[in-house]
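See structure below.
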Amino acid sequence: MLMFAVVATLLPSLTTVWISYIENKRALQAKASEALLGLSAQALREVDLWTKQLRYDLRVFSISDEVIDNLQRIPLAKGEPVHSGIYFARLRDYVNSVRDRFADYTELLVLDHHGHVVATSAPAIRPVPLPPDWATDLSRNGSAIGPPYWDSTGTHPEMLVSVPIESGRRAGRSVDATHVIGAIAARVNLLPVADTLRRFAPGESGQIYLMTRTGRIVVSSRGTSRELMRQGYSRAAANALLAREGRAIQFGSFTGDRVLGSARVVPALDWIVVSEIPTREAFAQVARLRNISLAVVTLLLAVLGGLAYLLSLLIVRPVNRLTQAAANVAKGDLDVGLPVTTGGEVGYLTEVFNNMVARLRESRTDLERLSVTDPLTGLYNRLRMMEVLENEVRRSRRLHHQFAVVMADVDLFKKYNDEHGHPAGDHVLKRVAAIMRESSRDVDFVARYGGEEFLIMMPETELDGGTQYAERIRKKLASERLPAGEITLSLGISAFPMHGDTADQLIAEADAALYLAKRGGGDRVTAAARSKITASGRSGSGGSTPAGPTRP
């Protein structure tokens, strides 16, 4: 029932939490995707317009007569332009004046059609990072954009943008044609692009990257560095993003974080704008809802756990105790008592069980008592006497102590029984047993050995003490006035270790002394006279002799 209650409570709750989590996550993903696509579209438009404006300005410069005329008149030396003379000075002054009006240009250059530097706004001529198909791009596309690189001064990223310088010529009589005589190029600072991207960065920790088609990072909305330009996506990852261009998807960023983002191609640059936001931020609300739901479910589990614990205290634990106690009783352990901690049926069952175990204990006690006692006299029986005697032999042997054994027999009991009947004989045996019990110490052990014979074991008692005890019993019984007549006792005594070091030897010696007392006429005490233990500890030979028998 408890498990059913737990399942019935948790299953709908967990199902509701899971469905709510999925639906909210789907809604948040749609919302975040819409925001990402909008921001990336704006960033794309701004970068594309910036690039087009840059190329437009360069085309305006390239059609200047100052550039075309002076470039055509530059003399060559070994196929390369000469960096001197009036035409060189005019080109240099022109690019310097233009460079001063455009802050994004770190350097403005005039190149010949082979890519050699004709004039530059820089103090000295530096190598120009032209793309491999520079000349082809100029004639086919009307512009050429070089790969991004970090400025030699270490302050900002750059790229080289070139547009052709064309000169008109007459073909035949009336057809004009143009040909490329060189190019005007600008080293462009890309930090303004990073500033533009920064305005459209999504969320608190989202970023927008500008990267090449090979996956190499150019600039970022979170800052740009030489180290960042060495990072990026693999070509396969970049192609995978391009395959899903214009869609918001979840993917692993090059930083290793799981993000929600989208990729778009900038037409004017043929580069890629990637906008992304960490999924932990995009789904923060649904994660918070999930955590709250899990907390509620956990609290519910705690409440159910507490209820289960209370039920275990009230029902399960008492039942388990009953089960364990029943198993112990089945094994023979009756020392079981269960506390009645609950009311109702379980408490009533516990009370019934305790009463049953108590009666079983009483029954076992009675059985144990009956198994070791004589039903007529109430004394211990022969079986119990032999156990006690053997234990005393072992104890006295280990501690080097002494004890005495007295064997007693009612004189002429058969005759008395025949003359007065069995009830009178039973009365005699009961009275003899009572006298022996009354005359004994608490540590003495009195048993009915069989028929009219009795055996008494007296710990810590020497032969003389046993003889005195036997004499007291004999005198007391001789003075007893029974309804059917007088009864006397004959008694034989042996002692450990004087007459033996085993129970059987001691009984045999006491029985032999009793036999001598019987032969002497009865109503007397006879002790085994001679030691049955030699110096080596083994039994010697010889019989028993009277040791001070007396008559009343």
Side-chain angles (χ1 to χ4, degrees), residues 17-48 147-150 157 159 190-191 193-267 269-291 293-294:
V17 168
W18 177 251
I19 294 175
S20 175
Y21 173 75
I22 294 298
E23 292 299 324
N24 280 277
K25 184 176 181 181
R26 187 177 301 165
L28 281 177
Q29 183 169 355
K31 182 179 179 181
S33 300
E34 183 179 355
L36 277 173
L37 292 176
L39 291 173
S40 62
Q42 295 181 51
L44 170 67
R45 183 170 56 255
E46 292 292 331
V47 175
D48 192 58
Y149 61 92
W150 197 257
M159 69 176 179
L190 294 177
L191 288 181
V193 179
D195 294 337
T196 300
L197 297 179
R198 191 174 296 112
R199 299 203 311 267
F200 303 104
E204 296 180 0
S205 58
Q207 298 193 52
I208 296 184
Y209 301 106
L210 182 63
M211 72 177 185
T212 65
R213 281 186 174 269
T214 61
R216 179 185 173 191
I217 300 298
V218 180
V219 291
S220 165
S221 61
R222 288 292 178 183
T224 302
S225 64
R226 188 191 300 270
E227 183 62 29
L228 179 65
M229 293 189 70
R230 295 174 182 158
Q231 302 180 24
Y233 296 91
S234 65
R235 184 180 290 271
N239 292 335
L241 287 174
L242 286 176
R244 291 172 286 184
E245 181 184 0
R247 288 182 291 171
I249 58 174
Q250 292 189 47
F251 60 92
S253 179
F254 72 94
T255 59
D257 298 328
R258 193 71 182 169
V259 297
L260 176 68
S262 66
R264 291 176 181 269
V265 176
V266 181
L269 282 174
D270 199 30
W271 289 353
I272 305 170
V273 170
V274 180
S275 60
E276 62 182 34
I277 184 172
T279 53
R280 63 178 179 273
E281 180 181 342
F283 303 131
Q285 293 181 2
V286 73
R288 189 179 303 110
L289 176 62
R290 178 198 60 196
N291 295 336
S293 300
L294 290 179

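None of these values were measured; they are calculated from a predicted model. Residues: numbered from 1 along the sequence shown.
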Legend entry - Separation between CG of L37 and CZ of R264, rounded to the nearest 0.5 Å: 5.5 Å
Inset, instruction - Give a yes or no on whether a salt bridge exists between D48 and R45, defined as a side-chain N under 4.0 angstrom from a carboxylate O. - result: no
Inset, instruction - Could you pull out the closest heavy-atom pair between S262 and L36, with the gap in Å? - result: OG-O, 4.4 Å
Legend entry - Within 6.0 Å of CD in E34, more than 12 heavy atoms from elsewhere: no
Legend entry - Residues that D270 engages under side chain to side chain contact (heavy atoms under 4.5 Å, CB included), provided they are two or more places apart: R213, V265
Inset, instruction - Determine the minimum heavy-atom distance between R216 and M229, stating which atoms define it. - result: NE-O, 3.3 Å
Inset, instruction - List the steps and the verdict of side-chain contact (heavy atoms from CB on, under 4.5 Å) for L190 and L210. - result: CA-CA 10 Å; L190 294 177; L210 182 63; 5.9 Å; no
Legend entry - Taking every non-hydrogen atom, the tightest pair across T224 and P157: CG2-CG, 3.8 Å
Inset, instruction - Under the side-chain contact (heavy atoms from CB on, under 4.5 Å) rule, what do V274 and I217 come out as? Steps first, then yes or no, please. - result: CA-CA 10 Å; V274 180; I217 300 298; over 6 Å; no
Legend entry - Check against side-chain contact (heavy atoms from CB on, under 4.5 Å), L269 and M159: CA-CA 11 Å; L269 282 174; M159 69 176 179; 3.9 Å; yes
Legend entry - Set of residues satisfying side chain to side chain contact (heavy atoms under 4.5 Å, CB included) with respect to T196, sequence neighbours excluded: E46, R199, F200
Legend entry - Heavy-atom closest contact (I208 atom, S275 atom, distance): CG1-CB, 3.8 Å
Inset, instruction - Drop me the distance from S221's OG to Y209's OH, to the nearest 0.5 angstrom. - result: 7.5 Å
Legend entry - Candidate pair L241 and I272, rule side-chain contact (heavy atoms from CB on, under 4.5 Å), full reasoning: CA-CA 10 Å; L241 287 174; I272 305 170; over 6 Å; no
Inset, instruction - Measure the OG-CD distance between S225 and E227 for me, rounded to the nearest 0.5 Å. - result: 6.5 Å
Inset, instruction - For P148 and W271, work out which heavy atoms get closest and say how close. - result: CD-CZ2, 3.7 Å
Residues 276-284 side chain polar contacts: donor-acceptor under 3.5 Å, at least two apart:
from	atom 1	to	atom 2	distance (Å)
E276	OE1	Y233	OH	3.0
E276	OE1	S253	OG	3.4
E276	OE2	S253	OG	3.0
T279	OG1	R258	O	3.2
E281	OE1	S205	N	3.0
E281	OE1	S205	OG	2.3
E281	OE2	E204	N	2.6

Inset, instruction - Give, for atom CZ of R235 and atom CG of L242, the distance between the pair rounded to the nearest 0.5 Å. - result: 11.0 Å
